[in-house]
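All chains are named by letter (A, B, ...) in the order of the sequence lines, taking the proteins before the strands, and each is independently numbered beginning at 1. What you see below is based on every heavy atom in this structure, not just the backbone, and it leaves out hydrogens, waters and symmetry mates.
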Amino acid sequence: MNLDTRKYVIIAFFLIVGVIYATRLFYMQVIDDSWTLRAQQIAEKRREITPPRGVVFDRDGRKIVSNRTYYNLMMIEKNIKNFDTLKFAKLIGWTPEMVRERFKEIVEGEGMYFNRHTGKKQSNYQKIRPYPFLKELTLEEVANIAPHLENFPGFYEEVTSMRRYPYANGANILGYLSEVNREEVDKDAFYSPGNNIGRAGIERFYEEQLRGQKGIKYIVTSALNNAIESYGDGKYDTLAVQGPALKLGVDIILQAYGEKLLQNKRGCIVAIEPSSGEILALVSAPTYDPNLLIGKRNISENYPALVKDPSKPLYPRPLAAEYPPGSTFKLLNSLIGLQEGVISPEFGAVCDKSVVGCHNHASATNLADAIKHSCNPYFYAVTRRIIQQGKKRSNFEDAEIGLNIWADYMHSFGLGKRLETDITGIRPGLIPDAKYYDKWYGHHRWAFSTIRSISIGQGEVMLTPLQMANIAAIIANRGWHYTPHFVKSIGDKGPLEQFRTKHYSKVDGRHYETIVEGMRRVVHEPGGTGKRARLKDIVVCGKTGTVQNPHGEDHSVFVAFAPMNKPKIAIAVFIENAKGGGGLWAAPTAGLMIEKYLTGKITEIDREKSILEANFAYK
Amino acid sequence: MRQQQSIIGHLDWPLFIAYLLLVGMGLMTVYSVAFNEDHPNILDFSQKYGKQVVWIGVSFFLGLMVFLIDADIYRKFAIPIYLFTLVLLVIVLFMPPVNGARAWLGIGTMGIQPAEFSKIGTGLLLARFISEVNLKQQTLRTVFIANTIILVPMALILMQPDAGTFVVFTSFLFVMYREGITYDPLVLGMINSIPGVKLKQTWVGSHFIPILFVVVFLSLVTLLISNETLEYGFLPGVEIPGMYGVVMSLAIFCIVLLLLLRLVYSKRERKRALLVVAIGFILSSGIAFGVNYGFQGLKSHQKERIELFLGLKEDPDGEDYNRNRAMAAVGSGGLVGKGYKNASVSSVESNHVPESETDFIFCPFAEEWGFVGTIVLIVLYMFVLFRIIVIAERQRSKFNRVYAYAVGMILFYHFAVNIGMNIGFAPVIGIPLPFFSYGGSSMMSFSVMMFILLKLDSQRRDILQ
């Protein structure tokens with residue numbers, strides 16, 4: 001047997017394997033791209049960078065919402081290896097039980113879902129997903145932990161930012177942030193667990209603008225998911241873009257002053273710049289310090305108390321509370337009367353207390369004086385003329401037509417519907433129309449005499465303080481308004497589109513002057529109900545209101561604008577359960593606010609003092 | 001001194017230089033893959049590259065010793081050397097296990113792996129036995145003794161357990177095959193027991209070992225890539241199922257083989273070659289299809305067990321399997337690689353590919369240098385293997401020839417399995433890439449093995465036997 005040929009068998013093996021391997025390597029390395037993709041999946045991680053939220057300025061450029069940097073200790077369960085609970089607990093200053101509890105809490109916090117394929121309930125928790133294990137650590141805290149994290153694969157620190165409110169005011173305007181929940185993460189790809197989302201106020205309404213754009217950083221990672229270096233020297237990275245700064249129409253100094261005036265009271269102040277519709281101040285009393293609701297630690301500590309507080313500090317009264325407007329409503333009835341032609345500015349009526357109660361004053365011989373005295377019988381007569389225009393022989397049919405005409409006008413003043421400002425949670429108020437009373441009394445079973453309290457802003461009519469202030473703005477503008485809004489500019493792009501259209505009321509501009517004159521007399525003429533709003537060098541036009549409150553003391557209301565010509569501020573003040581009428585408490589409050597805004601000073605020290613001392617909150 | 005002068009004159013420089021190149025490339029790759037910024041000096045002995053430098057130094061020293069000792073000593077002392085390595089293999093079984101295997105002798109990182117050195121002892125004894133003057137190749141006794149020489153260390157190694165080295169020991173079967181010691185006596189014994197049959201030899205029995213190798217290799221490759229879908233960048237949209245890829249590759253290979261044979265064969269021989277290759281193609285395609293069909297026909301839990309063994313399936317812990325990561329590292333190297341020290345998947349720091357400085361060192365090399373680097377490495381290994389065959393065939397002494405074949409086959413096995421598991425052609429069994437992988441035992445044992453071969457070769461004219 002010739003064994004020498006067998007060397008060729010062995011050589012053939014060497015050759016075959018060599019050629020096959022070379023071919024395979026050529027295929028894998030040069031031809032087939034899928035391995036490159038696979039390598040990217042393995043080693044290059046897309047890490048999202050959440051930018052700090054956009055900051056917020058007030059109308060004078062004061063920063064009222066800013067950011068502070070914090071750190072989250074993140075964990076990815078899949079990457080956790082050889083976890084030493086005791087050591088880790090020691091590192092973060094916990095007990096091992098607390099660490100175990102926290103793991104449980106994270107998993108349970110994600111909740112369950114129903115898996116249709118398996119027919120079982122399964123946890124939403126995913127081992128491959130990063131979850132914040134510890135939140136909102138300060139630099140000092142994280143500096144003690146971070147250097148030791150390499151001993152705990154699966155844990156890493158992440159920079160995050162939290163809000164800071166340099167002024168402790170405007171909580172109901174600004175809102176607050178809290179962690180996204182499960183549904184929000186599923187609904188919007190922007191969010192991942194541990195991210196914050198706006199929960200109320202501006203933070204919520206402008207969430208999409210404020211949150212900015214997440215940056216994407218491609219990094220080469222180790223099997224433990226630790227970053228090693230940036231991929232391709234960062235040329236594929238996109239930068240995180242901070243959301244644009246919001247410039248509010250709010251004057252934070254005025255806001256703070258309003259909150260101070262309403263201390264120990266329940267009520268609202270809404271101030272609007274008539275020419276732009278920008279809200280200058282929106283005071284909801286009682287209120288809270290927005291710094292109470294920063295971050296998870298604070299929220300879990302303070303939120304329950306705020307929710308339980310019977311005075312409802314979280315409730316945005318100016319937007320959501322619906323009150324009868326009281327006598328301030330007479331302004332609108334007058335305007336409708338003039339436009340409908342059922343009265344003239346020279347219309348006079350006897351103050352006949354047999355019909356409806358009134359205080360002692362000379363009978364008004366014209367509309368302006370009637371406004372000055374807030375004569376109930378006079379406006380009763382005016383509104384009767386609007387409702388019962390005599391177009392039908394039947395009183396009932398006539399009232400139906402009249403009321404619907406009246407309600408139409410009211411809607412054009414932004415009443416009876418949501419005044420869609422840029423904070424959610426607003427209420428529409430109520431302007432009753434024929435359908436509404438049909439439900440109560442039946443079709444053609446009511447007439448003016450049934451519904452007469454609408455003439456003096458009582459009964460079924462409901463307005464939010466925002467709507468009251470907007471009425472002042474409409475009158476100040478002599479017939480039009482922009483929808484009141486908080487944000488005057490997103491970045492440098494101006495306000496949202498919906499705040500750029502003028503809305504005209506159905507009452508012609510010429511009819512307003514009489515009303516404006518009446519409002520001037522309310523404040524500036526002897527016998528006017530709103531003389532406590534009077535200012536030395538500024539002509540204030542206002543109207544008082546005293547809202548009968550079946551549950552307690554009357555509410556005190558005042559709507560006003562100033563100056564009379566080229567008005568710069570329109571305001572509504574509503575103080576709940578104030579002893580005494582609108583002239584006593586709401587009017588001076590409005591006067592102080594106007595003075596503060598227009599001059600930056602307060603001259604009527606006594607008035608200020610008495611208001612600050614007044615306490616109507618706890619009865 | 002006479003010997004030292006003669007060794008420089010008679011040293012096989014091509015093989016020696018190729019060896020040095022591989023050692024150098026290996027050290028360079030270890031330096032890259034285990035690079036620690038705090039300890040950038042390659043001579044920093046706290047780092048793996050520093051240690052590797054030490055191992056290489058020790059290996060060169062051992063090489064010098066080998067060169068100084070007379071070559072005849074290896075033949076004379078083959079039995080004691082073999083027995084010594086066996087004793088070490090027994091002692092190691094009583095050592096505390098490291099990573100689940102009792103493979104390490106010594107303390108901590110300074111231990112050695114007796115299994116690595118037992119290859120040398122076994123190679124020497126096998127050479128000694130086969131080179132006996134009055135050995136009859138085709139007897140049951142010869143087959144039995146030769147197999148016992150291999151099987152004793154194999155059994156001890158399996159007890160550690162060390163599957164990789166166990167497999168490597170089957171490379172000695174090829175050495176026996178080359179020398180005519182095959183399983184034919186067994187086959188003949190069986191066949192001739194049938195009344196009326198009287199054969200002197202059988203083809204299957206004589207060539208049992210290479211046939212087995214082909215079948216195993218083909219089966220493995222079929223199993224490993226039949227689930228893969230091959231796509232070609234220059235043929236967009238064309239996807240070839242892995243199974244057909246195997247058969248297509250076989251066909252292409254056969255055609256290339258025929259074209260090559262045309263160059264050396266005469267017309268008559270060509271016809272025979274065509275027939276042989278055609279039969280070979282049909283048979284091997286049949287094996288591939290058969291294995292694939294048989295595998296698909298298995299019950300799912302059986303399938304799963306095989307897939308787990310081959311590393312095709314994620315293990316129950318949900319970890320990505322090593323093979324896939326290693327292949328991603330190799331495949332992402334591209335034509336020219338990501339650049340030295342730029343391996344993103346297979347650096348020790350990233351730890352995506354475990355053991356990337358030892359068993360999977362081909363990964364970082366392939367990732368850093370791309371196809372250009374890997375083809376150079378393959379050619380270099382091919383050169384080493386062919387050079388060893390050349391050396392083996394030029395020996396006058398049978399002992400030298402058998403030993404040379406043993407060295408060649410061991411290196412070939414390590415090369416084929418180690419690179420195979422990096423490119424998805426072999427299951428993941430941990431054996432080092434000779435001269436390349438980090439590790440003292442493998443560096444020293446392969447070097448000593450190589451130096452003994454060089455020494456024997458340099459003295460081939462002195463020895464008549």
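Within residues 252-260 of chain B, the residues having any heavy atom closer than 4.5 Å to a heavy atom of chain A are B/Phe253, listed by residue number. Using non-hydrogen atoms only and a strict 4.5 Å limit, no part of residues 95-104 of chain A faces chain B.
Looking at B/Ile419, both its backbone and its side chain come within 4.5 Å of chain A, counting heavy atoms on both sides. Using a 4.5 Å cut-off between heavy atoms, B/Tyr405 contacts chain A through its side chain alone, with no backbone atom that close. Heavy-atom distances place no part of B/Tyr413 under 4.5 Å from chain A, backbone and side chain included. Using a 4.5 Å cut-off between heavy atoms, B/Ala392 does not touch chain A at all. Heavy-atom distances place the side chain of B/Glu393, and not its backbone, under 4.5 Å from chain A. Only the side chain of B/Ile389 comes within contact range of chain A, with at least one heavy atom under 4.5 Å from a heavy atom of that chain.
Among residues two or more places apart in sequence or in another chain, the ring-ring contact (aromatic ring centres under 6.0 Å, His included) test is passed with B/Phe386 by none.
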Cut-off 3.5 Å, no hydrogens considered: what does the side-chain donor-acceptor table look like for residues 8-17 of chain A, sequence neighbours left out?
none

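Note that CG of A/Leu25 and CZ of B/Phe362 are 4.5 Å apart. Values are rounded to the nearest 0.5 Å. Separating the OG1 atom in B/Thr374 from the CZ atom in A/Arg24 is a distance of 12.5 Å, to the nearest 0.5 Å. Here CE of A/Met28 is found 7.0 Å from CD1 of B/Ile423. Values are rounded to the nearest 0.5 Å. To the nearest 0.5 Å, the span separating CD1 on B/Ile378 from CD1 on A/Ile20 amounts to 11.0 Å.
Crowding of B/Arg394 atom CZ: a count of heavy atoms from other residues, nucleotides or ligands under 6.0 Å exceeding 12.
At least one donor-acceptor pair under 3.5 Å links the side chain of A/Gln29 to the backbone N or O of B/Phe371.
In this structure, B/Thr182 and A/Arg6 approach most closely via the heavy-atom pair CG2-NH1, 3.3 Å. The shortest heavy-atom contact between A/Ala22 and B/Ile375 is CB-CD1, 3.5 Å.
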Practice prompt. Evaluate the side-chain contact (heavy atoms from CB on, under 4.5 Å) criterion for residues A/Lys7 and B/Val390: first the C-alpha distance (whole Å), next the side-chain angles of each, then the deciding distance (0.1 Å), finally the verdict.
Written response: CA-CA 10 Å; A/Lys7 74 177 176 195; B/Val390 167; over 6 Å; no
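Ranked by non-hydrogen atom pairs under 4.5 Å with chain A, the options B/Tyr381, B/Phe174, B/Tyr177, B/Phe415 are led by B/Tyr177.
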